[in-house]
Q: 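Please read through the structure below; I'll follow up with questions.
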Amino acid sequence: MLYDRIYVRFGDLTLKGKNQKIFIRRLYNLLDEKLKGLDVEVEHRHDHAFIILNNTDPDLVIERLNLVSGVYSYSLVIRIDKNIEMLKDKSLEYIKEIVKEPTSFKVETKRADKSFLYGSMETTKLVSSHILRSMDNLLRVDVHNPELTLKIEIRAEGIFIFTSQIRGLGGFPVGVAGKGLLMLSGGIDSPVAAFLAMKQGVEIECVHFESTPLTSIESAQKVIDLVKIIAKYAPHNKILVHMVPFKELHMALLDNVPESYNITIMRRMMYRIATKLAHKNGALCLINGESVGQVASQTLQSMATINGVTNIPVIRPLCTYDKVDIINISRKIGCYDISIKPFEDCCTVYVPKAPATAPRDYKAAEFEKAFDYEKMVDEAVENTNSIWISTDSDLDLAMYGLEVREVIKELNDERTIK
Ligand code: ATP
Ligand code: MG
């Protein structure tokens with residue numbers, strides 16, 4: 001095998017300030033967790049790590065590495081003892097292996113270990129002339145814009161050579177920023193918001209407002225299927241999902257509130273319930289998939305009126321993304337095909353013909369007086385059923401019944417959840 005290890009970089013640790021230690025510990029835990037089951041070893045260094053491949057297929061390792069938030073970049077590398085002759089020979093061998101057609105080329109050396117006898121310029125010169133001498137039919141030096149750069153890093157623990165540096169997920173290891181409660185619908189946006197929040201270090205629990213049997217059980221199954229996918233980025237590959245029975249509140253507001261304010265008030269109810277669930281479960285913020293201007297309930301005026309019912313921070317990772325950008329991420333993380341399955345949830349049944357695009361807070365409050373929503377909000381919180389969903393979950397709600405609350409209650413009665 002050409003490469004013997006993967007060199008994993010954590011990015012500029014000084015940016016992580018006082019949290020460096022926590023960041024690094026979390027990142028190592030996450031790395032170990034995601035690499036579990038593969039025959040590799042992780043060597044811990046201060047601002048980087050090596051994954052020793054032990055002949056494991058690098059593509060398998062890279063697939064896992066791409067699930068680890070906080071990894072800035074990585075390279076497939078070859079380690080060489082700190083000996084200039086060996087460096088020259090191995091570098092030539094390596095370039096011979098990867099260059100089959102004429103290409104432009106340069107060598108770049110970084111000497112972190114100042115005890116190495118040769119300076120970086122000198123090393124570059126010695127290695128490049130050695131390579132060119134036997135490969136001048138294929139290689140042409142171009143120091144400004146080469147197609148291929150052989151990178152040499154001289155470190156205390158050895159010399160590493162490689163040709164490409166691939167960006168990792170970036171951000172922070174999931175969990176390091178604390179916990180947020182993510183409002184998950186079955187649509188395209190909220191799973192992407194979940195991914196972006198986790199990537200920035202936020203551990204998530206999900207809340208879904210379900211109106212079965214008013215809406216189909218398949219619409220709730222979609223949510224479970226989406227969680228299975230995004231759970232691959234979560235600690236221990238699992239996420240806790242809170243299923244809120246929303247049917248009664250949903251019906252009550254359809255009966256009592258002017259049609260144009262249905263959505264505004266429905267979303268105010270969701271925010272109220274989510275806020276209470278966040279407090280109950282130790283989440284520090286709400287997260288959702290809203291994006292400015294996408295629909296009537298996401299105009300700035302709507303957002304203000306809806307946001308008015310909570311004082312917990314609401315994070316909207318997608319607020320400035322357009323739909324094409326969101327879809328690209330959705331595809332990349334593997335959610336898109338599930339998200340576009342045509343099952344209606346509570347936001348898509350009974351959509352008013354002309355929803356208010358500039359709803360006012362005082363009007364919403366006035367309309368809400370028409371029914372005893374506070375009691376219903378509390379009941380919804382109380383009757384919420386929670387379930388852990390992991391990447392390998394085989395939960396099929398439809399096998400059990402038509403009402404989510406019944407199904408999850410039954411499942412939880414059957415087994416003790418942690
Ligand atoms: P999505 O594509 O995620 O469904 P959307 O563009 O359809 O979003 P809305 O339906 O207005 O937008 O919802 C905006 C956000 O509110 C969603 O991204 C999600 O975070 C939250 N949300 C909507 N419906 C639900 C629900 N039934 N349960 C939990 N959260 C919801
Ligand atoms: Mg939606």
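We count ligands from 1, going down the list as the structure has it; atoms in each ligand are counted the same way. All of these numbers come straight from a predicted model, not from anything done at the bench.
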Q: Could you tell me the separation between the CD1 atom of Ile159 and the CD1 atom of Ile154, rounded to the nearest 0.5 Å?
A: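 Separation between the atoms: 5.0 Å.
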
Q: Could you tell me whether Arg331 and Asp337 make a salt bridge, using a distance below 4.0 angstrom between a side-chain N and a carboxylate O?
A: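 No, Arg331 and Asp337 are not salt-bridged.
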
Q: Pick whichever of Met183, Met270, Arg267 has a heavy atom sitting closest to atom 13 (O) of ligand 1.
A: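 Selected option, by shortest heavy-atom distance: Arg267.
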
Q: Does this structure show an ion pair linking Arg45 with Glu43, if we count only N-O contacts that are shorter than 4.0 Å?
A: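 Answer for the salt bridge query: yes.
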
Q: Using a heavy-atom cut-off of under 4.0 Å, does the side chain or the backbone of Leu182 touch ligand 1, or both, or neither?
A: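 None of Leu182 does.
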
Q: For ligand 1, which atoms have a heavy atom of Ser297 less than 4.0 angstrom away?
A: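 So the answer, numbered in order with elements, is 11 (O).
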
Q: Of all the atoms in ligand 1, which lie at a distance below 4.0 Å from a heavy atom belonging to Val207?
A: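 Result: 29 (C).
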
Q: State plainly whether the residues Glu379 and Lys375 are in salt-bridge range, i.e. N to O under 4.0 Å.
A: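 Salt bridge between Glu379 and Lys375, a charged N being under 4.0 Å from a carboxylate O: yes.
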
Q: Considering only heavy atoms of Asn288, which atoms of ligand 1 have at least one such atom less than 4.0 Å away?
A: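 Ligand 1 atoms under the 4.0 Å threshold to Asn288: 20 (O).
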
Q: Which of the numbered atoms in ligand 1 are under 4.0 angstrom from any heavy atom belonging to Ile188?
A: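 Those atoms are 1 (P), 2 (O).
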
Q: Rounded to the nearest 0.5 Å, how far does CD1 of Ile333 lie from OG of Ser339?
A: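 Those atoms lie 8.0 Å apart.
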
Q: Select the closest option to atom 9 (P) of ligand 1 among Glu290, Gln298, Met243, judged by heavy-atom distance.
A: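 Closest candidate by heavy-atom distance is Gln298.
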
